[in-house]
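What follows is a short report on a single structure.
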Amino acid sequence: MSELIYSPGLEGVVAGETAISNIADGLRYRGYSIEDLAQHACFEEVAHLILHGDLPTAAQLDAFRGRLGGNAAVDPDLLKLLLAIPAATPLMDVLRTGTSTLAHWDPEATDISHDAQLRKAERLLAKLPTIMAAHYRLRLSEAPVAPDPDLSFAANVLWMIQHKVPSRNLERAMDVSLTLYAEHEFNASTFTSRVITSTMSDLHSAITGAIGALKGPLHGGANERVMAVLEEVGSPDNAEPWIRNALANKVRIMGFGHRVYKTGDPRAVYLKTFCRELAVESGREDLEQMADVIETIVGDEKGLPPNLDWPSARLYHYMGLEVDLYTPLFVLSRVVGWSAHVIEQLDNNRLIRPRSKYVGPGPRAWVPIEQR
Ligand code: ACO
């Protein structure tokens, strides 16, 4: 096996080419820095940029918004089916099933041509918030709230969850978080979607697999666990003893560390400022103080910077959102990046099929069943 390269976890391996995002110099989506996008663009512009390759003109943005609004409703039979899933089911599982099930209602489900995949990606992007919010409201014994095509994507997500048109600040906070979560080159869930696509399977299958990969606590599932950390810490005074004890016991601290960013995740840096503003508004500066203490000690002791999930969990908390929504919100945004990668993979496809390093027993002689 000497000519083969072995890197556990594929660390340091370049597994393909992409023109969608670059993390060599901060994080850029198709050349634009996430800081510029988060500051100036709305999520729909970012989604258009990632899916279609460029920022939209005003007319293109109108048309894109029209398509998203027009596709946001889900077929009543499909909704009925999804609402039959027990109310206590984690929303990530509902989204995984929902994505897979949406294929049965999609007129182009098996068409994997470039243009059909793009249309399906837009339909998925439009419909996933409707599914997530409807199922979330089931557990509150509340009826689903129909999507409002006159609202922005971010405002509509909050509208369907809370049945209240959000304030400008909350809409903006949701919009920025969606922008920052939209795309991140060959992370585990995106790579999953590309592996599935490389067999020439369809978009819904690839996104279903990606959702399965994202929900794990080492990836997107971390943002939900971050809140558990802060709840356990409880107060700023307890932050230092809590984190020192956790580190001494080799506890993995959710929201810290990253396979690629070793000195800092630019998304976390950007969102932290935003987080601060909402903390003041919602009177939860104590959470920011706890977060600061933990951040300083994890940095000093382990050299690990926070990743995006660290501030985003607090941001969603300040927005009055329940923890079980956090990773699903990541899905609503990342479906854009996954879809762009699925399309890019198929446009220049080669089956993704690495090798393994065999570490099992050497050759063994067959033993008949009565002699085992
Ligand atoms: N807390 C404590 N120690 C950590 C952490 C952490 N969050 N992350 C890494 N380490 C330590 C490991 O224990 C290990 O130490 P050791 O060598 O003494 O055993 C060392 O750093 C290397 O850890 P690996 O898991 O091999 O590093 P890798 O680069 O593979 O890890 C990962 C990246 C999985 C993200 C890791 O940092 C982690 O588990 N973080 C917590 C989960 C998390 O926040 N995930 C979100 C990722 S970002 C995103 O999906 C948006």
Side-chain angles (χ1 to χ4, degrees), residues 6-15 20-21 23 26-27 29 34 38 50 92 95 176-193 209-230 232-233 239-240 242-272 274-275 291 293-317 323 325-338 341:
Y6 171 48
S7 175
L10 297 184
E11 183 166 10
V13 172
V14 175
I20 303 168
S21 68
I23 57 176
L27 170 59
Y29 301 159
I34 48 143
I50 293 171
M92 279 303 279
L95 281 180
V176 167
S177 77
L178 293 172
T179 288
L180 296 176
Y181 268 133
E183 156 60 12
H184 210 212
E185 56 121 85
F186 276 36
N187 57 82
S189 56
T190 302
F191 192 58
T192 302
S193 74
I211 293 173
L214 187 77
K215 83 174 210 180
L218 295 190
H219 192 8
N223 65 4
E224 295 185 4
R225 274 120 184 131
V226 162
M227 261 340 275
V229 167
L230 294 171
E232 203 181 314
V233 173
E240 180 164 356
W242 187 93
I243 190 63
R244 291 207 185 279
N245 181 52
L247 292 178
N249 286 297
K250 301 214 169 296
V251 173
R252 197 165 277 247
I253 315 299
M254 292 294 130
F256 285 87
H258 196 273
R259 173 59 65 78
V260 186
Y261 297 128
K262 295 302 177 195
T263 53
D265 177 340
R267 303 166 301 175
V269 174
Y270 189 91
L271 205 63
K272 185 173 172 173
F274 229 85
C275 226
V293 173
I294 294 173
E295 230 177 279
T296 306
I297 295 176
V298 175
D300 289 350
E301 299 293 315
K302 299 282 293 184
L304 290 170
N307 58 55
L308 174 57
D309 289 334
W310 182 243
S312 79
R314 295 186 331 267
L315 188 86
Y316 292 151
H317 181 74
V323 172
L325 286 160
Y326 297 3
T327 320
L329 286 167
F330 191 160
V331 171
L332 304 191
S333 161
R334 185 56 65 82
V335 69
V336 169
W338 291 330
H341 279 273

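We're numbering straight along the sequence, starting at 1. Both counts, for ligands and for their atoms, begin at 1 and track the order of listing.
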Check each atom of ligand 1 against the heavy atoms of [X] and keep those under 4.0 Å away; list them by number with element.
X	result
G257	35 (C), 37 (O)
G255	43 (C), 44 (O)
K262	29 (O)
K302	3 (N)

Donor-acceptor contacts under 3.5 Å from residues 252-259 side chains, at least two apart:
from : atom 1 : to   : atom 2 : distance (Å)
H258 : ND1    : V260 : N      : 3.0
H258 : ND1    : Y261 : N      : 3.2
R259 : NH1    : G9   : O      : 2.9

Checklist entry - What's the shortest distance from atom 43 (C) of ligand 1 to any protein heavy atom, and which residue and atom give it? => result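 Checking every protein heavy atom, the shortest distance to atom 43 (C) of ligand 1 gives A222 CB, 3.5 Å.
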
[X] to ligand 1, any heavy atom closer than 4.0 Å:
X	value
G221	no
G9	no
L304	yes

Checklist entry - Picking from T190, N187, T192, T327, what satisfies side chain to side chain contact (heavy atoms under 4.5 Å, CB included) with L214? => result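 Going through T190, N187, T192, T327 one by one, the side chain to side chain contact (heavy atoms under 4.5 Å, CB included) with L214 is satisfied by T327 alone.
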
Checklist entry - Parallel, tilted or perpendicular for Y326 and Y316, by the 30°/60° rule? => result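 Tilted.
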
Checklist entry - Which bit of V251 gets closer than 4.0 Å to ligand 1, counting heavy atoms only: side chain, backbone, both or neither? => result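 Within the 4.0 Å criterion, V251 contacts ligand 1 through backbone atoms alone.
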
Next on the checklist: Looking at non-hydrogen atoms alone, which of H184, R252, H258, M254 comes nearest to atom 13 (O) of ligand 1?
Outcome noted: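 Looking at heavy atoms only, the winner is R252.
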
